[in-house]
Amino acid sequence: MNKPFESLKDLFKQLGVPDKCSEIESFIKSHAPLDESILLADAAWWSPVQKDFLRDELLRDADWAEAIDLLNNLLRQLPTKG
């Protein structure tokens, strides 16, 4: 049976970004909050290939879309102290 969607860890792996839980947390903390006027795929830290992947998968509403939406939401939040 297929997974209904890909996980955040899988998304990081697909993007070629370190995908251990602590690395994902560090990535989010170091890049949040992403300004509301910037689309996730237009963020400066992505490579052109990563940007294309994010845009294409969202447009297709592919299996990756849910993980991309989750990452987008996490990056829009103010970082917590601690």
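Source: prediction; values computed, not measured.
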Distance col, row L8:CG vs D69:CG, nearest 0.5 angstrom, shows 11.5 Å
Is it true that a side-chain atom of N72 and a backbone atom of I68 form a donor plus acceptor pair closer than 3.5 Å?
no
Looking at A32 and Q77, what are the two nearest heavy atoms and their distance?
CB-O, 3.5 Å
Which atom of A67 lies closest to which atom of S7, heavy atoms considered:
CB-O, 3.8 Å
Step by step, work out the side-chain contact (heavy atoms from CB on, under 4.5 Å) result for I28 and L71.
CA-CA 8 Å; I28 292 168; L71 177 58; 4.2 Å; yes
Nearest atoms (heavy-atom pairs only) where I24 meets D19
CD1-O, 3.5 Å
When clusters are formed by joining ILVMFWY residues with side-chain heavy atoms under 4.5 Å apart, either directly or through shared neighbours, do L74 and V17 land in the same one?
yes
Taking all non-hydrogen atoms of both residues into account, name the closest pair between K51 and A43 and its distance.
CE-O, 3.4 Å
Has the side chain of W46 got a donor or acceptor atom that lies under 3.5 Å from a matching backbone atom of D52?
no
I'd like to know whether L70 forms a side-chain contact (heavy atoms from CB on, under 4.5 Å) with L11, so could you lay out the CA-CA distance, the side-chain angles of the two residues, the decisive distance to 0.1 Å, and finally the verdict.
CA-CA 10 Å; L70 174 58; L11 176 61; over 6 Å; no
Mark yes or no for whether R76, through its side chain, and P33, through its backbone, hold a donor-acceptor pair below 3.5 Å.
no
Hey, any chance I38 and F27 share a hydrophobic cluster, counting ILVMFWY side chains that come within less than 4.5 Å of each other, even indirectly?
yes
Closest non-hydrogen contact found for W45 with Q50 is O-OE1, 4.2 Å
